[in-house]
A.B. asks: 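Dumping the structure here so I can ask a few things about it.
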Amino acid sequence: FIKKAWRWQSLLSKTKEKKLSEEKQKGLIGELFFLDKFLFPRFRKKISVDNWFGPKGSKDFQFSKFHVEIKSKSSGSTPTISISSEKQLKIIEGTKLFVAVFGIDKSDSKESLSVHDWCNKIADKIFDSDDTIALGEFNNKLNKYGYSEEQDYSDEKWDIKEIIYYEVNDEFPKLVPTEISTAITNVNYSIYMNQLNSFKIAKEELEEFLDDAKS
């Protein structure tokens with residue numbers, strides 16, 4: 001009972017009336033999927049959550065050896081990814097940078113999950129682990145995202161249709177601070193995914209790198 005009370009304390013203490021937009025729901029689901037499928041199997045829950053900066057960071061996941069940016073879109077939409085900052089694709093010396101693009105669509109199938117289902121799923125895994133202390137930080141970051149347990153997402157469920165992985169290197173098309181005038185701020189732009197084929201990597205390549213990074 002005490003653990004359950006702790007689990008929802010921060011969520012209920014900062015209830016937000018306005019639901020997340022569909023775009024933000026998809027973005028959050030993509031980040032939670034990456035936590036669940038890529039980080040939790042390799043890193044402790046606390047380390048994974050502590051290095052999740054999606055709500056406020058320039059990149060969604062920032063580890064000492066790698067950074068990951070998550071992009072979510074409708075699977076049938078224009079094949080572009082939106083970049084919201086000149087720092088988002090900046091490669092930090094000594095690290096690798098990856099981009100994972102999720103195609104996420106609304107669905108009525110039994111297997112589809114709402115953003116509430118995803119938040120519960122991740123919270124349950126932390127709750128059942130030896131890193132229960134990470135639950136408070138996880139809830140705090142959900143709050144910063146604008147998510148609240150009391151918001152109703154029962155009529156909005158989603159399926160992840162596809163995921164495409166890229167490794168960002170010096171040749172990857174991007175705008176970074178060293179290439180633009182200091183007088184320019186609030187940089188937003190889009191990249192055509194059909195121009196990024198040479199930067200694609202297989203899921204197994206990313207997993208292999210993460211396996212090496214955990215040691």
Side-chain angles (χ1 to χ4, degrees), residues 1-16 20 24-70 72 92 94-100 102 104 110-151 153-154 157-160 163 165 201-215:
F1 173 79
I2 293 173
K3 288 182 178 179
K4 286 288 186 181
W6 180 27
R7 171 177 163 178
W8 299 117
Q9 179 182 3
S10 62
L11 287 176
L12 296 177
S13 65
K14 297 182 179 180
T15 300
K16 299 183 183 296
L20 294 175
K24 286 191 174 182
Q25 288 181 55
K26 289 187 288 186
L28 179 54
I29 287 170
E31 292 173 30
L32 296 181
F33 179 97
F34 196 83
L35 268 174
D36 183 39
K37 302 299 184 182
F38 286 86
L39 299 183
F40 282 179
R42 296 171 175 84
F43 303 93
R44 293 189 58 163
K45 303 297 189 293
K46 187 176 187 308
I47 292 173
S48 299
V49 172
D50 285 349
N51 288 281
W52 174 37
F53 293 89
K56 295 294 181 182
S58 59
K59 298 179 179 70
D60 295 317
F61 297 96
Q62 302 178 43
F63 286 71
S64 60
K65 295 181 181 179
F66 66 92
H67 293 171
V68 181
E69 182 63 29
I70 305 296
S72 298
I92 305 301
T95 70
K96 284 186 174 289
L97 174 59
F98 302 97
V99 175
F102 288 75
I104 303 178
K110 292 181 179 180
E111 294 77 22
S112 59
L113 300 175
S114 68
V115 69
H116 176 65
D117 295 329
W118 270 103
C119 291
N120 275 342
K121 180 178 181 178
I122 300 300
D124 284 341
K125 290 195 173 184
I126 298 173
F127 174 72
D128 293 334
S129 74
D130 294 331
D131 276 340
T132 311
I133 192 172
L135 197 53
E137 182 62 18
F138 177 67
N139 288 339
N140 286 337
K141 290 183 177 180
L142 290 181
N143 280 321
K144 291 178 182 177
Y145 223 110
Y147 171 83
S148 167
E149 168 70 8
E150 292 190 350
Q151 295 162 341
Y153 294 98
S154 58
K157 295 194 174 185
W158 306 88
D159 275 347
I160 297 174
I163 314 172
Y165 308 93
I201 61 172
K203 173 187 175 183
E204 292 75 18
E205 292 179 79
L206 177 56
E207 289 177 326
E208 182 178 354
F209 176 83
L210 296 180
D211 286 335
D212 292 339
K214 72 181 180 181
S215 58

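All values below were derived from every heavy atom in this structure, side-chain atoms included, with hydrogens, water molecules and symmetry-related copies excluded.
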A.B. asks: Does P41 reach the side chain of L210, with side-chain heavy atoms less than 4.5 Å apart?
C.D. replies: no
A.B. asks: Holding to side chain to side chain donor-acceptor pair (under 3.5 Å), I want the full list of residues that pass it with D159, two or more places apart in sequence or in another chain.
C.D. replies: S107, S109
A.B. asks: For E207, what residues pass the side chain to side chain contact (heavy atoms under 4.5 Å, CB included) criterion, not counting sequence neighbours?
C.D. replies: F38, R42, K203, E204
A.B. asks: Please list, chain by chain and in numerical order, all residues satisfying side chain to side chain contact (heavy atoms under 4.5 Å, CB included) with K141, sequence neighbours excluded.
C.D. replies: W52, P55, E137
A.B. asks: Heavy-atom distance under 4.5 Å between the side chains of L35 and F61, does that happen here?
C.D. replies: yes
A.B. asks: Would you say I201 and F209 make side-chain contact, with heavy atoms under 4.5 Å?
C.D. replies: no
A.B. asks: Under the criterion salt bridge (charged side-chain N to carboxylate O under 4.0 Å, His left out), which of K45, R44, K46 is the partner of D131?
C.D. replies: R44
A.B. asks: Suppose we screen for side chain to side chain donor-acceptor pair (under 3.5 Å). Which residues come up paired with K26, at least two apart in sequence or across chains?
C.D. replies: E23, S74
A.B. asks: In terms of relative ring orientation, are Y147 and Y153 parallel, tilted or perpendicular, with 30° and 60° separating the classes?
C.D. replies: parallel
A.B. asks: Does W118 reach the side chain of W158, with side-chain heavy atoms less than 4.5 Å apart?
C.D. replies: no
A.B. asks: Any side-chain heavy-atom pair from Y165 and F98 closer than 4.5 angstrom?
C.D. replies: no
A.B. asks: Considering residues at least two apart in sequence or located in another chain, which fulfil the side chain to side chain contact (heavy atoms under 4.5 Å, CB included) criterion with S58?
C.D. replies: Q62, K87
A.B. asks: Quick one: pull up CZ in F34 and CG in L39 and give me the separation to the nearest 0.5 Å.
C.D. replies: 5.0 Å
A.B. asks: Examine distances only and state if a side-chain atom of D36 and a backbone atom of L32 form a donor-acceptor pair shorter than 3.5 Å.
C.D. replies: no
A.B. asks: Kindly write out the residues that satisfy side chain to side chain donor-acceptor pair (under 3.5 Å) with S154, not counting sequence neighbours, or none if the list is empty.
C.D. replies: D152
A.B. asks: With the side chain counted from C-beta on, respond yes when I163 and F33 share a heavy-atom pair under 4.5 Å apart, and no when they do not.
C.D. replies: yes
A.B. asks: Would a 4.5 Å heavy-atom cut-off, applied to side chains only, mark K65 and T95 as touching?
C.D. replies: no
A.B. asks: Would you say that E149 contacts N120 through its side chain, given a criterion of any heavy-atom pair below 4.5 Å between the two side chains?
C.D. replies: yes
A.B. asks: Looking only at heavy atoms, which two atoms of C119 and F138 are closest? And how far apart?
C.D. replies: O-CE2, 3.8 Å
A.B. asks: Give a yes-or-no answer on whether the side chains of Y145 and E31 include a donor-acceptor pair shorter than 3.5 Å.
C.D. replies: yes
A.B. asks: With a sphere of 6.0 Å drawn around NZ of K96, does it hold more than 12 non-hydrogen atoms of other residues, nucleotides or ligands?
C.D. replies: no
